[in-house]
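Naming convention: chains lettered A, B, ... in sequence-line order (proteins, then strands); numbering from 1 in each chain.
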2 protein chains.
Amino acid sequence: MYIPTLDAALVGKVIAYYRMKSGVSQEVLSGLADIGRSHLSAIERGKRKPTLETLYRICTALNIKMSTVIQKLEEELEMQ
Amino acid sequence: MYIPTLDAALVGKVIAYYRMKSGVSQEVLSGLADIGRSHLSAIERGKRKPTLETLYRICTALNIKMSTVIQKLEEELEMQ
DNA sequence: CTGTAGACTATGGTCGACA
DNA sequence: CTGTCGACCATAGTCTACA
């Protein structure tokens, strides 16, 4: 069973979408979620994939559910 | 804004739940998901937290959606 | 405000062996 | 079948600085 790797660009796209929807900058979000700003930048650009922990912190800071973000991600994945 | 760390034990509990529901051993699942068995063992016991990538591989191998697992996790988190 | 880069640290992940 | 350990390697994540 071959499983393709998770598309980092899609993950970043979805996270950026919800951040912008909340109208907050990377700077502010990274501060709220307590993660490095340059790292958040890398995640949104698909240069890095977050751990579940990091996704959790981002979602909590944005006051949205992880499942909401994951569902959006799954929709994007299906479109590929 | 203080965000508590994600409870690794809960994450492991949920993953173990869905693995057992599928009736597959850690050995088989780690093989299907192409991740190390000792690492899967550590995740289920809450000794380590997976990356989004790893969760994705596990869910794909179990033929379930990540969002399903995340929702279950969120239910558990709310109960705490 | 965001992208990038470098240097570094922490931890996720692999593999083999054994209870 | 699962837990654990040790040695390693890979990459997530931090921080500073500058375009």
Side-chain angles (χ1 to χ4, degrees), chain A residues 1-64 66 69-70 73 76-77, chain B residues 1-64 66 69-70 73 76-77:
Chain A
M1 177 183 213
Y2 176 67
I3 298 177
T5 63
L6 220 201
D7 187 338
L10 243 44
V11 176
K13 181 180 171 184
V14 172
I15 290 178
Y17 169 77
Y18 283 105
R19 174 179 63 78
M20 290 169 177
K21 196 173 175 183
S22 293
V24 19
S25 67
Q26 288 183 351
E27 209 164 14
V28 169
L29 176 54
S30 65
L32 292 174
D34 197 33
I35 62 178
R37 186 190 67 80
S38 67
H39 185 49
L40 175 57
S41 169
I43 289 173
E44 289 195 357
R45 281 159 27 231
K47 295 302 179 187
R48 282 185 186 162
K49 296 173 191 174
T51 56
L52 240 201
E53 173 75 36
T54 299
L55 180 66
Y56 170 72
R57 306 184 76 84
I58 290 174
C59 290
T60 303
L62 287 177
N63 210 37
I64 56 181
M66 278 191 288
V69 174
I70 296 296
L73 175 60
E76 300 275 344
L77 283 171
Chain B
M1 177 185 213
Y2 176 67
I3 299 176
T5 64
L6 220 200
D7 187 338
L10 243 44
V11 176
K13 181 180 172 185
V14 171
I15 290 177
Y17 169 76
Y18 282 106
R19 175 179 62 79
M20 290 169 177
K21 196 172 175 184
S22 293
V24 1
S25 68
Q26 288 183 351
E27 209 162 14
V28 170
L29 175 55
S30 64
L32 291 173
D34 196 34
I35 62 178
R37 188 191 64 80
S38 67
H39 185 48
L40 174 57
S41 169
I43 289 173
E44 289 194 356
R45 280 158 28 231
K47 295 302 179 187
R48 282 187 185 161
K49 296 172 193 175
T51 55
L52 240 201
E53 172 75 36
T54 300
L55 180 66
Y56 170 71
R57 305 184 78 83
I58 289 174
C59 290
T60 303
L62 287 177
N63 210 37
I64 55 180
M66 279 192 288
V69 175
I70 296 295
L73 174 60
E76 300 275 344
L77 283 170

**OP:** Give the B/S/- string for nucleotides 12-19 of chain C, one per nucleotide from 5' to 3', where a protein heavy atom under 4.0 Å of the base yields B, of only the sugar-phosphate yields S, and otherwise -.
**Re:** SBBBBB--
Ignoring hydrogens and angles, tell me if any N or O in the side chain of [X] forms a donor-acceptor pair with the backbone of [Y] under 3.5 Å.
X       : Y       : answer
A:Glu53 : B:Leu6  : yes
B:Ser41 : B:Arg37 : no
A:Arg19 : A:Val24 : yes

**OP:** Return the value, rounded to whole Å, for the distance between atom CZ of B:Arg57 and atom P of D:dT11.
**Re:**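 Roughly 12 Å, once rounded to whole Å.
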Original post:
Atom CG of A:Leu29 and atom C1' of C:dG3: how far apart are they, to the nearest Å?
Top reply: 16 Å
**OP:** Could you check B:Leu55, B:Leu62, B:Asn63 and say which one makes a side chain to side chain contact (heavy atoms under 4.5 Å, CB included) with B:Cys59?
**Re:** B:Leu55
Subject >> Axial bend angle, the helix from C:dT2-D:dA19 to C:dA19-D:dT2: five-pair end segments, nearest 10° >> reply: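 The end-segment axes of the helix from C:dT2-D:dA19 to C:dA19-D:dT2 are tilted 50° relative to each other.
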**OP:** Answer whether the closest heavy-atom distance between the side chains of A:Tyr17 and A:Lys13 falls below 4.5 Å.
**Re:** no
Original post:
Is there side-chain contact between A:Lys21 and A:Ile64, with heavy atoms separated by less than 4.5 Å?
Top reply: no
**OP:** Under 4.0 Å between any heavy atoms, over every strand shown, what does B:Arg19 touch: base, sugar-phosphate, or nothing? Just pick one.
**Re:**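 Sugar-phosphate only.
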Original post:
Partners of A:Ala61 by side-chain contact (heavy atoms from CB on, under 4.5 Å), sequence neighbours excluded?
Top reply: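 Once residues adjacent in sequence are excluded, the partners of A:Ala61 under the side-chain contact (heavy atoms from CB on, under 4.5 Å) criterion are A:Leu29, A:Leu32, A:Ala33, B:Met1, B:Ile3.
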**OP:** Consider only side-chain N and O atoms of B:Thr51 and B:Thr54, and report whether a donor and an acceptor are under 3.5 Å apart.
**Re:**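 Their side chains do contain a donor-acceptor pair, which is all the 3.5 Å distance test asks for.
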Original post:
Between B:Ser41 and D:dT2, is there a side-chain N or O to OP1/OP2 distance below 4.0 Å?
Top reply: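 The answer is no; no side-chain N or O of B:Ser41 sits under 4.0 Å from OP1 or OP2.
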Original post:
Nearest nucleotide by nearest heavy atom, which residue falls closer to the 5' end of DNA chain D, B:Glu27 or B:Ala42?
Top reply: B:Glu27
